[in-house]
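Keep in mind that what you see is a predicted model, and the values were worked out from it rather than measured. All values below were derived from every heavy atom in this structure, side-chain atoms included, with hydrogens, water molecules and symmetry-related copies excluded. The chain is numbered in sequence order, starting from 1.
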Amino acid sequence: MKTFTIILFTIILNTCGTAKTATTEPSEGANSTSEEQIEMSKTAQKSIKIEYKAHTRGSFKKIVIENKTVSVQNVIDGKAEVKTCSDADWNALMALIEKTDLKDITNLEAPTKAHQYDGAPMVDFTVTKNGETYTVPGFDAGNPNKAIEPLVTMVLNIAAETKG
């Protein structure tokens, strides 16, 4: 019975993978127009999620930016305040993401290690783009690696505007 289940599961996974590949390939007669490229760009922007979470004993802050909305939560069990991100902030954030090598951020070194002994809140920072999640190794709040500092600063500034 276990063997039958494993074989059936393998067949289903292979079938789903084939169907997914077939639907994502462009058709032979399709021409790329600027309208399609703009629509693809908008879709790519909608599939971006940025999450900043700073935590230590006694403090917590979680910021999630996704689909032009900003969610700020200041207490673990508290309710998040959700507001719309301005077009100017959203476009600036998208420009910073495009400039940032997301594949490289997973290997960044934290400049300081105060979060290891509760000297500063530890920040978990992730960017999800087109289904791929890129996670920065934990760093001290207020002291990110220089490679992501503009992006982290922008996220914090957008969240500060949300408090209104």
For this session: Begin from the C-alpha positions of Phe125 and Val152 and carry the test side chain to side chain contact (heavy atoms under 4.5 Å, CB included) through to its verdict.
Result: CA-CA 8 Å; Phe125 190 79; Val152 171; 3.9 Å; yes
Exercise. Should Glu81 and Lys83 count as an ion pair when the cut-off is N to O under 4.0 Å?
Worked result: yes
For this session: Verify side chain to side chain contact (heavy atoms under 4.5 Å, CB included) between Thr126 and Val136, making sure each step is shown before the conclusion.
Result: CA-CA 6 Å; Thr126 61; Val136 177; over 6 Å; no
For this session: Kindly indicate, with the supporting measurements, whether the criterion side chain to side chain contact (heavy atoms under 4.5 Å, CB included) is fulfilled by Lys103 and Tyr134.
Result: CA-CA 7 Å; Lys103 292 180 181 173; Tyr134 306 95; 3.9 Å; yes
Spacing of [atom1] belonging to [X] relative to [atom2] belonging to [Y], to within rounding of 0.5 Å:
| X | Y | atom1 | atom2 | value |
| --- | --- | --- | --- | --- |
| Leu151 | Ile50 | CG | CD1 | 5.5 Å |
| Glu66 | Ser71 | CD | OG | 9.5 Å |
| Lys61 | Asn74 | NZ | CG | 4.5 Å |
| Leu102 | Asn130 | CG | CG | 10.0 Å |
| Ile63 | Leu156 | CD1 | CG | 5.0 Å |
| Ile148 | Asp101 | CD1 | CG | 12.5 Å |

Can you name the closest pair of heavy atoms from [X] and [Y] and give their distance?
| X | Y | value |
| --- | --- | --- |
| Phe139 | His115 | C-ND1, 3.8 Å |
| Val70 | Ala159 | CG1-CA, 4.3 Å |
| Val123 | Ala141 | CG2-CA, 3.5 Å |
| Leu108 | Ala147 | CD2-CB, 4.0 Å |
| Trp90 | Cys85 | N-SG, 3.7 Å |

For this session: Going by the side chain to side chain contact (heavy atoms under 4.5 Å, CB included) test, name the single residue among Val64, Val127, Ile65 that passes it with Lys49.
Result: Val64
Is the backbone of [Y] close enough, under 3.5 Å, to the side chain of [X] for a donor and an acceptor to pair up by distance?
| X | Y | answer |
| --- | --- | --- |
| Asn145 | Ala110 | no |
| Gln73 | Ile76 | yes |
| Ser59 | His55 | no |
| Asp89 | Ile158 | no |

For this session: Test salt bridge (charged side-chain N to carboxylate O under 4.0 Å, His left out) on Glu132 and Lys129 and set out the steps.
Result: CA-CA 5 Å; Glu132 299 250 356; Lys129 182 178 180 182; over 6 Å; no
For this session: Tell me, with the steps shown, if Thr128 and Thr133 meet side chain to side chain donor-acceptor pair (under 3.5 Å).
Result: CA-CA 4 Å; Thr128 303; Thr133 300; 3.2 Å; yes
Problem set entry | Evaluation steps, side chain to side chain contact (heavy atoms under 4.5 Å, CB included), between Met94 and Ile48 | CA-CA 9 Å; Met94 292 303 108; Ile48 290 177; 3.5 Å; yes
